[in-house]
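Take a look at the structure below.
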Number of protein chains: 2
Amino acid sequence: MSPRTPKPADDAALEGGRRRATINDIARIAGVSKKTVSRVINRSPSLRPETREKIEAVIAKYGYAPDPQARGLAFRRSFLIGLIYDNPNPQYVVNMQLGLLDGMRGSGFELVVHPCDRGSTTLVPDIRAFIERQKLFGVVLTPSVSEDEGVAAMLREIGCEYVRVASVAVDEASHSIVTQDRHGGLLAGRHLAELGHRRVGFISGPLTFRSSHERRGGFEEGLSEHGLTLAAEHVAEGAYTFESGLEGAAKLLALPNGPTAIFAGNDEMAAGALHAARRAGLSVPEDLSVVGFDDFQIASRVWPPLTTVRSPTREIGRLASEKLIGQAGDDKRDPADRLPSLVVRESTSGPRG
Amino acid sequence: MSPRTPKPADDAALEGGRRRATINDIARIAGVSKKTVSRVINRSPSLRPETREKIEAVIAKYGYAPDPQARGLAFRRSFLIGLIYDNPNPQYVVNMQLGLLDGMRGSGFELVVHPCDRGSTTLVPDIRAFIERQKLFGVVLTPSVSEDEGVAAMLREIGCEYVRVASVAVDEASHSIVTQDRHGGLLAGRHLAELGHRRVGFISGPLTFRSSHERRGGFEEGLSEHGLTLAAEHVAEGAYTFESGLEGAAKLLALPNGPTAIFAGNDEMAAGALHAARRAGLSVPEDLSVVGFDDFQIASRVWPPLTTVRSPTREIGRLASEKLIGQAGDDKRDPADRLPSLVVRESTSGPRG
DNA sequence: GGTTCGATTGACACCGGTGTCGGAGGAAGT
DNA sequence: ACTTCCTCCGACACCGGTGTCAATCGAACC
């Protein structure tokens, strides 16, 4: 009937917690304009401390939190972070998500996931539509989409914040996080060399992945520290899949003077190598040592448990989201936490005899 | 200088694709009010077909898509779906996410992930804050949070749409998707009985998970079809973890007249059972048959590859999101697709002798 | 032919925030 | 005492949609 509901009724709902407070409520109760409340929310410096405190008290009392949608509408930008990935390994994806969420906690941002297919002809427009539709604040890209320059160019063009996680610096420092895969490969190479192996093999990931080259490069570096080299015929090209690891290892083991140790580009392929060894009647580690990469769950579930390189995926994820929302800065943690490390289990030993 | 920028300049940006069209642009160009454009977006029935077509043509020409934030603000509800989970298995989580995205494709909704800890004392308020902050359209809950009545009560109280994925109907049909774990257990029981085993063991998941009871119940049902029963001393309580599977199996294998076959509540525990058998000097399947549940990657990576029950997680996820956004209905797929199925590999055979 | 009525459509306020700009008020300068 | 300047704050429009309600229109009615 009456043109406007009387305010007291609204306030009752507010007090009772049946209605969330809005900026108007806070402004009215604190006796200021909504713009001033907005200034408190956005940490504007030009505010008298008393005013700020008065408003903060009211905000605290009513548990007010600004509506991200309304704020986003006015800002022309949402408070959502997109994770764009094409890595099919579930554990990688989940660890990355957990890390991203670690870095976003308490920031008011949310994580929206967006798997994609790098082989798709509509990759770039699809990602673009995703970003523009939701007016994403920014995106995190992981390998191998993170290595796609077409996608990166589009992101720059539309002015979307982004962080690319990759095994080498594929972009300027503010836009990339490097995973130091080379260092991981080096640890694997050193380990096998130190155990006394002379003939070692390598099963690479797909050559379209930078990490394949980095892991191999580091591996060769580790070997060379001990005067060893990686013979070309002892390298098999895999695809980061179990089956490709099985086939690659089978090929190497069929060689007349094959390797006594194999470094596989990831745990999945190392598990395949274990199966290949079993089929060839070889026991691990006595007849063949195997080293993996990632230290995902599978590494400790297979038999024998895999010696592998642990990659700090979750930590990397945390860094990525912190960098994206500009909360980086005072990172007091040891940078060594971000380096891959070697986890020695039972799949490696010195060569027989 | 001038109070308003002349429109022509804006239109140039629009034509050039440098500016996204808004409802105002469409209305102006189509020569109608924005409210009428809004009506075509929302499929309002009271619109003359010619008007609708005229507007749709303009929308198509400019590739207009409504801004979810603005729409959400007016609707007091976002177009985000939350996935709330506490299942620590990466593959489960990723498959579920993929399934949810399958069901949401083209609907304009996005998926926001929210892992949680069911043991936390602030579980309910945390989830509530998550939902209210983003004004989520709805949420999907997976085990075991999906079985929490406190969470469900809160969801009903705040009027949030939700779908609970669980192994039994924990809520009314419109709010739950049941995974038929009992049927999966039955397949495992039948399989082992048909192979000729007489003494079989079971390693359960945590008793706080409904699925633990369902899988066991189905298993016993399958056994009983062949006149077998599950002896109480042949049951070990696990926790769905590799280690608990290892310990549980070790306990059963140490029994004087232990089981010749073990059904583990999931693949992780089955992998643990494999390790326990190896440590006990038993070979699988000759001395011990092992059956898992889930058919995650690990099942085919261990040695011997596991006979296991495949759960259609991705399919379940698709159903969940379709139900949530009300796109269910004409599902012409075979309902049998949603039933667990048995995948026979090399970890099972008849008992020795 | 005037009236009634349902089907279409538009004007306007509103969702809950932010940007712009101008005004009030006190301190400092002359 | 009168400017001048700076600090702090509010009025108002706007972001891009939707809800409400009234206006318009042609067809059907008496």
Side-chain angles (χ1 to χ4, degrees), chain A residues 1-5 7 10 14 19-55 59 62 64-79 108 132-135 137, chain B residues 1-5 7 10 13-14 19-55 59 62-79 108 132-135 137:
Chain A
M1 294 304 120
S2 64
R4 58 170 164 267
T5 317
K7 280 300 176 192
D10 285 339
L14 234 195
R19 187 168 69 83
R20 289 194 68 188
T22 72
I23 199 172
N24 288 303
D25 299 316
I26 302 301
R28 180 166 37 77
I29 294 167
V32 298
S33 74
K34 56 196 268 195
K35 179 65 212 187
T36 302
V37 177
S38 169
R39 290 191 173 96
V40 173
I41 297 170
N42 293 289
R43 294 182 170 53
S44 159
S46 61
L47 257 188
R48 275 218 324 268
E50 312 114 71
T51 312
R52 176 187 307 281
E53 283 158 21
K54 178 177 64 179
I55 295 173
I59 287 178
Y62 289 88
Y64 165 72
D67 181 333
Q69 298 213 312
R71 219 147 93 91
L73 181 58
F75 273 141
R76 292 174 186 67
R77 163 168 289 203
S78 76
F79 295 91
E132 296 194 328
R133 183 164 10 103
Q134 296 292 333
K135 296 200 306 250
F137 178 89
Chain B
M1 292 304 121
S2 62
R4 56 168 168 270
T5 316
K7 279 300 173 192
D10 286 338
L14 233 194
R19 186 168 70 81
R20 288 193 69 189
T22 72
I23 199 171
N24 288 304
D25 298 317
I26 303 301
R28 182 166 37 76
I29 295 166
V32 298
S33 75
K34 55 197 267 196
K35 179 64 211 185
T36 301
V37 177
S38 170
R39 289 192 174 94
V40 343
I41 296 170
N42 293 288
R43 292 179 171 54
S44 160
S46 60
L47 256 188
R48 277 219 323 270
E50 312 114 70
T51 312
R52 177 187 308 280
E53 283 158 21
K54 177 177 65 178
I55 295 173
I59 288 179
Y62 290 87
Y64 165 71
D67 181 334
Q69 299 213 310
R71 220 146 93 90
L73 182 58
F75 272 141
R76 290 173 186 70
R77 163 170 287 205
S78 75
F79 295 90
E132 296 194 327
R133 185 165 9 104
Q134 296 292 334
K135 296 200 305 255
F137 178 89

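Residue numbers begin at 1 in each chain, while the letters A, B, ... track the order of the sequences.
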Pairwise distance [atom1]([X]) to [atom2]([Y]) - rounded to 0.5 angstrom:
| X | Y | atom1 | atom2 | answer |
| --- | --- | --- | --- | --- |
| A:Glu132 | B:Arg20 | CD | CZ | 6.0 Å |
| B:Gln69 | A:Gln69 | CD | CD | 6.0 Å |
| A:Arg28 | A:Asp25 | CZ | CG | 5.0 Å |
| B:Ile59 | B:Ile29 | CD1 | CD1 | 11.0 Å |

(request) Please report the closest heavy-atom contact between B:Ser33 and B:Ala27, naming both atoms and the distance. (result)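 Looking at all heavy atoms of both residues, the shortest contact is C-CB, 3.7 Å.
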
(message) I'd like to check B:Val37 versus B:Val32 (side-chain heavy atoms, cut-off strictly below 4.5 Å). Are they in contact?
(response) yes

(message) Between B:Ile55 and B:Arg39, is there a side-chain heavy-atom distance shorter than 4.5 Å?
(response)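 No, every pair of side-chain atoms sits at 4.5 Å or beyond.
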
Side-chain N,O ([X]) to OP1/OP2 ([N]) below 4.0 Å:
| X | N | value |
| --- | --- | --- |
| A:Thr51 | D:dC9 | yes |
| A:Arg48 | D:dC9 | yes |
| B:Ser46 | C:dT9 | no |

(request) For the pair A:Thr22 and A:Asp67, evaluate side chain to side chain contact (heavy atoms under 4.5 Å, CB included) and give the outcome as yes or no after the intermediate values. (result) CA-CA 8 Å; A:Thr22 72; A:Asp67 181 333; over 6 Å; no

Side chains of residues 41-49 of chain B: which donor-acceptor partners sit under 3.5 Å, not counting sequence neighbours?
residue	atom	partner	partner atom	Å
B:Asn42	OD1	B:Arg71	NH1	2.8
B:Asn42	ND2	B:Ser38	O	2.9
B:Asn42	ND2	B:Ser38	OG	3.4
B:Ser44	OG	B:Ser46	N	3.4
B:Ser44	OG	B:Ser46	OG	3.4
B:Arg48	NE	B:Glu50	OE1	3.2
B:Arg48	NE	B:Glu50	OE2	3.4
B:Arg48	NH2	B:Glu50	OE1	3.3

(request) Please identify each residue that fulfils side chain to side chain donor-acceptor pair (under 3.5 Å) with A:Ser78, with sequence neighbours left out. (result) none

Whole-Å distance separating the [atom1] atom of [X] from the [atom2] atom of [N]:
| X | N | atom1 | atom2 | answer |
| --- | --- | --- | --- | --- |
| A:Phe79 | C:dG16 | CZ | P | 16 Å |
| A:Ile23 | C:dT18 | CD1 | C1' | 8 Å |
| A:Arg28 | D:dC9 | CZ | P | 20 Å |
| B:Ile59 | D:dG17 | CD1 | P | 10 Å |
| B:Lys135 | D:dG17 | NZ | P | 15 Å |
| B:Asn24 | C:dG10 | CG | P | 13 Å |
| A:Arg19 | C:dC15 | CZ | C1' | 12 Å |
| B:Asn42 | D:dG17 | CG | P | 11 Å |

(request) Please list residues of residues 32-39 of chain A whose heavy atoms come under 4.0 Å from any atom in DNA chain D, ordered by number; otherwise none. (result) A:Val32, A:Ser33, A:Lys35, A:Thr36, A:Arg39

(request) List in numerical order all residues of residues 65-78 of chain A for which some heavy atom is under 4.0 Å away from an atom belonging to DNA chain D. (result)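 Within this stretch, A:Leu73, A:Ala74, A:Arg76 sit under 4.0 Å of the strand.
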
(request) Determine to 10° how strongly the helix from C:dG1-D:dC30 to C:dT30-D:dA1 is bent, judged from the axes of its five-pair ends. (result) 50°

(request) Apply ring pair (Phe, Tyr, Trp, His ring centres under 6.0 Å) to B:Phe79 and list each qualifying residue two or more places apart in sequence or on a separate chain. (result) B:Phe109

